[in-house]
> 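Before anything else, here's the structure in question.
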Amino acid sequence: MWEAAFAPTTAEQTQALGAALAEVLRAGDLLVLTGELGAGKTTFTQGLGEGLGVRAGIISPTFVLVRIHPNLPDGPRPGGPDLVHVDAYRLSGAGEVDDLDLENWADSAVTVVEWGRGRVEHLAESWLDIELRRAGAPEAAFGDMAGPVLDFDAEDDDEPRLFVVRAFGPRWAEHPHIPWPAVDRAEMGDLTAEMGDLTAEMGGLTAEVGGLTAEVGAPRPAGTDPDAEKEAP
């Protein structure tokens, strides 16, 4: 896994980060977006769409759940992937995500899911987790699928933000060369500590599951075998 963090201060910088990342994306890639309302998730996706060369007009898919933006034959990447833009905020879990049949587009599209953390990672072997946070907004626990506390203030595109991308899975085992724009890098110290806490948490979960497996595999005490009870006279 690798990660990179930036501190964009304008909507144009947030879009430029999306456009730069688009240059290394290909059909089948999954991007999971996290951030409170107004954090810049849709702004980032607009830049991503521009870099992919798909049909313009990217807005939040909140009320339709899924919007598909086809690749433009006369755009910057003719023959490139389409963009599938999903809003998972109203979806209660993996079952409702599966009902969207996103796999139907996976082979020909880059899929971007807002509010997707903890809901859509099962859709792909590899993914990019992207978090956007407004300056002063509460930090999201990495394992918290709900994301930061909601903030219903009007979006201010030109206030400072934190942009973090984290890579997972074999597709991203090596850090590709991404032509990041001239945006200030963010401090990584706290992010590294956050990921260390997550690793410890996952280690504890693995141990817990291992203990449960051992318990299930243990022999039954005498007299508790249900098959033996059926055979008793």
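Just so it is clear, the values below take in all heavy atoms, side chains as well, and ignore hydrogens, waters and symmetry mates. When a residue number appears, it is its place in the shown sequence, counting from 1.
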> Hey, could you give me each pair passing ring-ring contact (aromatic ring centres under 6.0 Å, His included) that has a residue in residues 22-43? Not counting sequence neighbours.
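Residue pairs with at least one partner in residues 22-43: there are none.
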> Side chains of Ile58 and His85: closer than 4.5 Å at any heavy-atom pair?
yes
> Determine, step by step, whether Leu128 and Leu25 satisfy the side chain to side chain contact (heavy atoms under 4.5 Å, CB included) criterion, reporting the C-alpha distance in whole Å, the side-chain angles of both residues, the deciding distance to 0.1 Å, and the verdict.
CA-CA 10 Å; Leu128 295 178; Leu25 297 179; 4.2 Å; yes
> Looking only at non-hydrogen atoms, find the nearest pair between Leu30 and Ala124 and report the distance.
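Scanning both residues completely, I find the closest heavy atoms to be CD2-CB, 4.0 Å.
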> Within the 4.5 Å heavy-atom criterion, are Val165 and Trp172 side-chain neighbours or not?
no
> Return the set of residues passing side chain to side chain contact (heavy atoms under 4.5 Å, CB included) with Ile178 (not counting sequence neighbours), or none when no residue passes.
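Here the qualifying residues are Trp2, Ala20, Leu21, Val24, His175, Pro176, Trp180.
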> Quick one: does Lys41's side chain have a donor or acceptor within less than 3.5 Å of a partner on Glu36's backbone?
yes
> Do any pairs count as a salt bridge (charged side-chain N to carboxylate O under 4.0 Å, His left out) and have a residue in residues 68-84, sequence neighbours left out, and if so which ones?
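Of all non-adjacent pairs touching residues 68-84, none passes salt bridge (charged side-chain N to carboxylate O under 4.0 Å, His left out).
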> So Thr45 and Glu114, do their side chains get closer than 4.5 Å, heavy atoms only?
yes
> By side chain to side chain contact (heavy atoms under 4.5 Å, CB included), which residues pair with Gln13, not counting sequence neighbours?
Pro8, Thr9, Thr10, Val183
> To check you understand the geometry: which heavy-atom pair defines the closest contact between His122 and Arg119, and what is its length?
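Here His122 and Arg119 meet closest at CE1-O, 3.1 Å.
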> Please identify each residue that fulfils side chain to side chain contact (heavy atoms under 4.5 Å, CB included) with Glu121, with sequence neighbours left out.
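Glu121 satisfies side chain to side chain contact (heavy atoms under 4.5 Å, CB included) with Val32, Arg117, Trp127 once adjacent residues are dropped.
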> Quick one: salt bridge (Lys or Arg N to Asp or Glu O under 4.0 Å) partners of Asp29, sequence neighbours excluded?
Arg171
> How long is the straight-line distance from CZ of Phe44 back to CG of Leu17, given to the nearest 0.5 Å?
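Interatomic distance, Leu17 CG to Phe44 CZ, rounded to 0.5 Å: 7.5 Å.
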> Partners of Pro170 by side chain to side chain contact (heavy atoms under 4.5 Å, CB included), sequence neighbours excluded?
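Residues passing side chain to side chain contact (heavy atoms under 4.5 Å, CB included) with Pro170: Glu125, Ser126.
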> Does some side-chain heavy atom of Leu132 sit less than 4.5 Å from a side-chain heavy atom of Thr43?
no
> Quick one: do Val84 and Val66 satisfy side chain to side chain contact (heavy atoms under 4.5 Å, CB included)? Show the steps, please.
CA-CA 7 Å; Val84 176; Val66 180; 3.8 Å; yes
> Would you mind reporting whether Leu48 and Leu31 have side-chain heavy atoms less than 4.5 Å apart?
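A side-chain contact under 4.5 Å exists here.
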